[in-house]
Protein chains: 2
Amino acid sequence: MLKEERQQTILNEVELHNRILLTDIAETLDVSIDTVRRDVKELDAENKLRRVHGGAISLGFTTNSTRNSNIYKQKEKIKIAEKALELLKDGGVVFIDGGTTCLELAHLVPSNIRLTCFTHSLPVAMELLTKPNVTVITVGGQLSRESQTAIGANAIHNLAEIKVDFSFIGTGYVDSHYGLTEFDWDIVQVKKAVIKCSKKTVLLSISEKLNSQHRYKTCDINAINTIITELDPENDLLISFRNHDIRIL
Amino acid sequence: MLKEERQQTILNEVELHNRILLTDIAETLDVSIDTVRRDVKELDAENKLRRVHGGAISLGFTTNSTRNSNIYKQKEKIKIAEKALELLKDGGVVFIDGGTTCLELAHLVPSNIRLTCFTHSLPVAMELLTKPNVTVITVGGQLSRESQTAIGANAIHNLAEIKVDFSFIGTGYVDSHYGLTEFDWDIVQVKKAVIKCSKKTVLLSISEKLNSQHRYKTCDINAINTIITELDPENDLLISFRNHDIRIL
DNA sequence: GTATTTTGTGCTGTTTTTTGCAACTTTTAA
DNA sequence: TTAAAAGTTGCAAAAAACAGCACAAAATAC
């Protein structure tokens, strides 16, 4: 049996079952486990599949996994993103933050709308590039491995040089009294810079985060112009935000 | 038996069974294995089939899979990337360009090496983020939809503020006399800025691009310090580059 | 018609690729 | 923490590929 044949068989199995075990394949193809291991190693190097301990998984499982796979409370986040779409005007200039909620917004941006979008998030930028009428501009800087966004002095410096109509941001924690807070100091600095460069700031947050707080403060609640949650604007959970001069969607 | 006749028989067998073994064919046709080998080599050069170790497979055989990332000449590009790895030193500061060859380089960066990598390419940045010891810094700017890299004045401005030990760049066309050239003017401007901010510039290019040229010029061939192709450095195709003060890997 | 060149084929020795095995290390999960 | 499973590395044998040579047949030139 030719090597290429074997590798093609492995690929087919992976596509078919989404994941395979090396031991299974070795038995099916009647070759040693080492050979299968080497094949999978090569196929992984060629980006045809992804090697994992004990076997391999299909790329379809991982490639778009940032968006596709199980995002926490994805239904709520889609609902939030849909509401946020109303704020997008043809020809507008906006900033879109990182995070799964903002990524949903990027995904749902209609492809017919003409927009100029700034972002410091790699996944958001990738998503926006699929929209033919959106001009995408990345804010450069050192990347946070965890969030796949640019942070640090360079990113803040770059943000200082732009001005957008709307910025859509997420937050780790939000409270009507303590404002927006985060677990991470670097993230706070970037968000401050984002708010500073925006005419209007829109907060996208699932209701679960309401009335929670943490160590570092991003801004007062008054710095936010619009809050969007998955809840009905009249919901009692939002009552403490209604006193402020904030639009609730 | 005529050569033509023999080759036609080989092709028929390949189409019929999707694959053949050289030893089988040699026995069937009652010619030496070397003759069959030479036939298959010719047929592969004519793109009538694909030569593999031990035999040949039909062209349609590999393309049946659903969404193979199918990078043109990926094997060659991996070979180039492997050579380029030798230039990476622990603690180094480098720039990695966009393009599939540079993406292979990013993919193959060992996860134990400590590096600071600048890039204006989203896919390269994403790939590098999987390496725990690599600090990734994006060069921001307006994104080219096609190449998923930052281009334009902003990117160039940002590049002007950094200095790296090595930059690894690709090119559309390269010629020993006309230097590096591109089809796209914007791309040229960015590449110029990259070369300017690098102590040493390394060109990664498949041999197919050697001795080709296009409309807009990026730089003279002398601006390049090292050229890496998939060929052996002593290969005759590289002879015209050997006169210059260029290292060939 | 003869000499020369070109092409095709097979053979030989060397190099590369592939594969399985074994010793040893790392990862995983109870 | 420990035992089992999986992974890694190095090695050796076999198969395949390669490069170079020799020779014969065919094509071409004189």
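All values reported here derive from a predicted model rather than from experimental measurement. Protein chains get the first letters and strands the later ones, always in sequence-line order, with residue 1 at the start of each.
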- Query: Is the B:His120 ring parallel, tilted or perpendicular to the B:Phe95 ring (thresholds 30°, 60°)?
  - Reply: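 Tilted, since the angle between the ring planes falls between 30° and 60°.
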Mind checking the [atom1]-[atom2] spacing from [X] to [Y]? Nearest 0.5 Å is all I need.
X: A:Lys191; Y: A:Ile156; atom1: NZ; atom2: CD1; value: 12.0 Å
X: A:Asp175; Y: A:Ser212; atom1: CG; atom2: OG; value: 7.0 Å
X: A:Tyr173; Y: A:Ser205; atom1: OH; atom2: OG; value: 11.5 Å

Could you check how far [atom1] of [X] sits from [atom2] of [N], rounded to whole Å?
X: A:Leu29; N: C:dT18; atom1: CG; atom2: C1'; value: 16 Å
X: B:Leu21; N: C:dT17; atom1: CG; atom2: P; value: 20 Å
X: A:Asp34; N: D:dA12; atom1: CG; atom2: P; value: 16 Å
X: B:Glu27; N: D:dA16; atom1: CD; atom2: P; value: 12 Å
X: B:Asp30; N: C:dG10; atom1: CG; atom2: P; value: 9 Å
X: B:Leu2; N: C:dT7; atom1: CG; atom2: P; value: 16 Å

May I have all residue pairs that pass salt bridge (charged side-chain N to carboxylate O under 4.0 Å, His left out) and include part of [range], sequence neighbours excluded?
range: residues 22-33 of chain A; value: none
range: residues 7-18 of chain B; value: none
range: residues 113-126 of chain B; value: B:Asp90-B:Arg114

- Verify the contact: side-chain N or O of B:Thr35 to OP1 or OP2 of C:dT9, cut-off strictly under 4.0 Å; return yes or no.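 Answer no for this pair, as no side-chain N or O of B:Thr35 is under 4.0 Å from OP1 or OP2.
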- Task: Check whether any side-chain N or O of A:Arg51 sits under 4.0 Å from OP1 or OP2 of D:dG7, and answer yes or no.
- Result: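 For D:dG7, neither OP1 nor OP2 has a side-chain N or O of A:Arg51 closer than 4.0 Å.
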- Over all atoms of both residues, closest heavy-atom pair of B:Gly170 and B:Asp97: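 Answer, listing the atom of B:Gly170 first, then B:Asp97: N-OD2, 3.2 Å.
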- Task: Name every residue in residues 36-49 of chain B that has at least one heavy atom under 4.0 Å from any atom of DNA chain C, in order of residue number, or write none if there are no such residues.
- Result: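 Close to the strand are B:Arg38.
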- Please figure out whether B:Leu22 or A:Gly54 has its closest DNA chain D nucleotide nearer the 5' end.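 Per heavy-atom nearest nucleotide, the more 5' residue is A:Gly54.
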- Message: Heavy atoms only, 4.0 Å cut-off, all strands: where does A:Ile33 land among base, sugar-phosphate and nothing?
- Response: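 No contact.
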- Candidates C:dT19, D:dA6, C:dG10 - which lies nearest the side chain of A:Arg6: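 Of all the options, the side chain of A:Arg6 is nearest to C:dT19.
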- Query: Out of D:dA16, C:dG8, D:dT9, which has the shortest distance to the side chain of B:Thr23?
  - Reply: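 Of D:dA16, C:dG8, D:dT9, D:dA16 is nearest to the side chain of B:Thr23.
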Could you list the protein-to-nucleotides 28-30 of chain C atom pairs, N/O on both sides, closer than 3.5 Å?
none

- Query: Taking only residues two or more places apart in sequence or in another chain, which ones pass salt bridge (charged side-chain N to carboxylate O under 4.0 Å, His left out) with B:Lys79?
  - Reply: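 By the salt bridge (charged side-chain N to carboxylate O under 4.0 Å, His left out) rule, B:Lys79 matches no residue at all.
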